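A short worksheet on the structure shown next.
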Amino acid sequence: MDRRKFLKTAGATAAATLAGTWAMTAAASRPTPVQLRIQTARYRLGESITDGMVSLSPNAPPPILRLKQGSPFAADVVNTLSDATAMHWHGIRLPNRMDGVPYLTQWPIMQGETWRYEFTSQDAGTYWYHPHCMTMEQMARGLTGILIVEEREDPGFDSETVLNLRDFRLGKDDQFTKLYSARKAARGGTLGNVMTANWEQNPVYTHLAGSLVRLRLAATDTTRIYQITIDGAAGRILAMDGHPIREPVPWPSEEQPLVLGPGQRSDIAIVMPAQEGREVVIAHRGGGRVRALARLRSVGSDQRRSLRDLSPLAANKVPNFDPKTAQKIDLVIGWSPDGTKPNNGFCGSVGPNFWAINRTAWPGDAAKETGAIAKLTLGQSYVMRLRNESPNTHPIHIHGLVFRPLRSNQRTLPSNWTDTIVVRKNEIIDIGFVADNPGDWALHCHVIEHQKTGLAGYIRVA
């Protein structure tokens with residue numbers, strides 16, 4: 001549809017949404033919007049400064065945005081780039097028209113334009129934001145940031161470290177090389193060669209000895225699946241993908257690393273070593289190598305804190321599905337049968353359609369007359385079967401909803417609430433959820449090259 005028709009339709013949809021369960025805060029109580037200015041940037045990722053990055057500042061990574069649970073938030077996203085863009089708030093359950101998906105929930109933000117996003121997050125936890133137009137290009141150049149929704153009640157930590165985990169593809173001159181290739185898009189995706197946390201290589205953060213630290217990890221990479229280990233401290237995992245855990249997740253160790261696919265997050269409580277100068281090492285184990293991502297160093301005298309001092313994180317209010325009345329949905333993840341080029345309009349293409357859902361490749365963000373891969377009834381419980389018939393791993397992300405894994409044909413999964421789940425080669429995972437948020441919600445692989453070569457679609461809740 002053309003721009004005028006889209007905006008008219010969006011206005012009608014907004015009016016309906018405002019009248020429903022997911023109503024936004026009344027205009028009288030709306031906050032002053034923060035301005036997020038998408039722009040080119042320069043930063044010293046290696047020995048010299050890297051040009052051609054994309055951020056919200058000319059010389060710094062995208063900032064951590066902090067919200068209060070249950071309090072309204074507003075942001076004016078300003079696009080200074082020559083390419084179109086849009087901002088998606090990954091993991092946040094919000095009104096559909098604020099989801100930031102071009103041609104599905106809004107028009108792309110063109111150069112010189114501003115788009116206002118307004119929502120209230122009822123869920124506390126660790127989330128993140130990234131563009132959903134020219135996604136591969138802008139994310140690969142740095143436009144990924146952390147969004148934290150703080151709990152109403154302080155759980156009792158002494159301090160916090162937030163790690164935005166992502167890598168970059170740089171040459172020997174510290175400048176960007178080719179960001180992706182069609183050949184690798186047809187396989188696992190294109191990995192970067194410079195691994196960073198907060199755009200730094202193996203940074204060190206200091207905390208009081210014996211204190212309680214909240215470590216927030218977010219995998220915002222376009223491709224890499226992290227296998228995290230934490231050495232040098234005791235602790236426990238408190239939350240996954242924004243939600244306090246219902247079932248325990250093993251401590252990240254060499255024997256059982258914490259797997260974080262693109263889009264996933266984890267909140268971890270750490271008791272710092274009691275002796276000054278000792279370090280906690282957060283590392284990635286993959287490809288036969290161990291690479292330190294960041295370190296936490298003890299300073300000062302022993303605070304003698306204990307995990308018992310923490311208050312439990314309050315569960316977010318998520319409607320539990322009814323397995324007895326749940327309807328079944330089957331989604332097959334695999335190769336595309338046609339291999340035609342996607343019609344992505346303004347929002348970018350990385351090559352032919354290698355991937356598909358239910359053997360139909362997503363024809364592109366701007367494609368006309370593209371129907372939903374599933375139509376869901378508002379308030380109904382569902383069990384969705386994700387069947388991976390491909391030889392590659394796919395982190396599957398659903399916008400606007402949260403779900404719990406129920407069973408896998410390969411492993412035992414903790415049944416914790418999430419918005420993104422890693423589906424392994426030839427794995428079948430059943431997930432359960434309530435379709436409680438009306439709208440057209442994107443569903444796609446968060447290996448961005450897979451998303452941009454067919455492994456995407458949307459579900460309709462009405």
Side-chain angles (χ1 to χ4, degrees), residues 34-66 77-83 85 87 126 128-131 134-148 159-181 189-207 213 215-224 226 228 260 262 265 277 279-284 286-287 289-297 299 448:
V34 298
Q35 187 176 94
L36 305 178
R37 189 177 182 86
I38 299 176
Q39 57 193 284
T40 57
R42 307 173 74 240
Y43 197 79
R44 191 179 298 276
L45 293 172
E47 294 297 322
S48 57
I49 291 176
T50 300
D51 294 312
M53 303 192 72
V54 180
S55 186
L56 301 176
S57 163
N59 54 14
I64 299 170
L65 301 180
R66 290 186 180 271
V77 175
V78 182
N79 182 21
T80 72
L81 306 178
S82 57
D83 287 330
T85 192
M87 194 65 78
T126 304
W128 64 295
Y129 60 94
H130 66 83
M134 299 303 296
T135 316
M136 184 67 205
E137 185 80 15
Q138 293 174 15
M139 283 182 62
R141 292 181 180 274
L143 190 53
T144 65
I146 309 303
L147 187 153
I148 292 172
S159 55
E160 178 179 276
T161 285
V162 182
L163 297 181
N164 182 348
L165 304 177
R166 50 152 317 129
D167 56 16
F168 296 93
R169 286 185 59 77
L170 303 180
K172 293 181 180 180
D173 59 355
D174 290 323
Q175 302 308 306
F176 283 108
T177 58
K178 189 175 181 181
L179 300 177
Y180 51 81
S181 71
T190 307
L191 292 172
N193 60 338
V194 177
M195 299 182 68
T196 71
N198 302 332
W199 286 21
E200 303 290 338
Q201 296 185 54
N202 195 17
V204 178
Y205 300 93
T206 59
H207 296 276
V213 176
L215 175 65
R216 297 181 190 258
L217 303 179
T220 75
D221 204 82
T222 60
T223 300
R224 187 177 298 278
Y226 290 87
I228 301 294
L260 292 180
R265 297 87 63 205
E279 290 186 342
V280 182
V281 179
I282 299 100
H284 164 67
R289 297 176 60 190
V290 179
R291 285 180 276 193
L293 300 173
R295 291 172 288 161
L296 311 180
R297 180 178 296 159
V299 295
I448 304 302

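In this text, all values refer to a predicted model and were calculated from it rather than measured experimentally.
Taken to the nearest 0.5 Å, the CG atom of Leu81 stands 10.0 Å off from the CZ atom of Arg37. Put simply, NE2 on His130 and OG1 on Thr144 are 9.0 Å apart, with the number rounded to the nearest 0.5 Å. The CD1 atom of Ile448 lies 8.0 Å from the OG1 atom of Thr223; values are rounded to the nearest 0.5 Å. Taking CD1 of Ile228 as the start and CD1 of Ile282 as the end, the distance is 8.5 Å to the nearest 0.5 Å. Remark: Thr206 OG1 to Leu296 CG distance equals 9.5 Å, nearest 0.5 Å. In this structure, Asn164 CG and Arg216 CZ are separated by 13.5 Å, a value rounded to the nearest 0.5 Å.
Proximity of Asn59 to Ser57: side-chain heavy atoms (C-beta onward) are separated by under 4.5 Å at one or more points. When side chains are defined from C-beta on, Leu179 does not count as touching Thr190, because their heavy atoms never get closer than 4.5 Å. Counting heavy atoms from C-beta outward, Ile38 and Leu56 have side chains that approach closer than 4.5 Å. Considering only heavy atoms from C-beta on, Phe168 stays 4.5 Å or farther from Thr50 through its side chain. The shortest distance between side-chain heavy atoms of Trp199 and Ser55 falls below 4.5 Å. Between Leu293 and Leu163 the shortest side-chain heavy-atom distance does not fall below 4.5 Å. For the pair Arg169/Tyr180, no side-chain contact is recorded, criterion being any heavy-atom separation below 4.5 Å from C-beta on. The shortest distance between side-chain heavy atoms of Arg224 and Pro262 does not fall below 4.5 Å.
Residue Met87 comes nearest to Pro131 through the heavy atom pair SD-N, 4.0 Å, listed as atom of the first residue, atom of the second, then distance. Considering every non-hydrogen atom in both Ala292 and Asn202, the closest pair reads CB-OD1, 3.7 Å. Contact record, Tyr205 with Ala197: OH-O, 4.3 Å, taken as the closest heavy-atom pair. Across every non-hydrogen atom of Met139 and Asp221, the tightest pair is CE-O, 4.4 Å.
Checked by atom type, the side-chain pair Tyr43/Glu200 shows a donor-acceptor distance below 3.5 Å.
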Discussion item. Working note: Leu147 + Trp128, criterion side-chain contact (heavy atoms from CB on, under 4.5 Å); need CA distance, chi angles, decisive distance, verdict.
Written reply: CA-CA 5 Å; Leu147 187 153; Trp128 64 295; 5.5 Å; no
Discussion item. side-chain contact (heavy atoms from CB on, under 4.5 Å) for Val162 and Arg66? Distances and angles first, verdict last.
Written reply: CA-CA 12 Å; Val162 182; Arg66 290 186 180 271; 4.2 Å; yes
Practice prompt. Under the side-chain contact (heavy atoms from CB on, under 4.5 Å) rule, what do Thr196 and Arg166 come out as? Steps first, then yes or no, please.
Written response: CA-CA 6 Å; Thr196 71; Arg166 50 152 317 129; 4.0 Å; yes
Discussion item. Determine whether Asp83 and Thr85 satisfy the following criterion, side-chain hydrogen bond (donor to acceptor under 3.5 Å, both in side chains), listing intermediate values before the conclusion.
Written reply: CA-CA 7 Å; Asp83 287 330; Thr85 192; over 6 Å; no
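Side-chain atoms of Thr161 never come within 3.5 Å of backbone atoms of Leu215 as a donor-acceptor pair (strictly under, hydrogens ignored). Arg265 places a side-chain N or O within 3.5 Å of a backbone atom of Thr126 that can act as its donor or acceptor partner.
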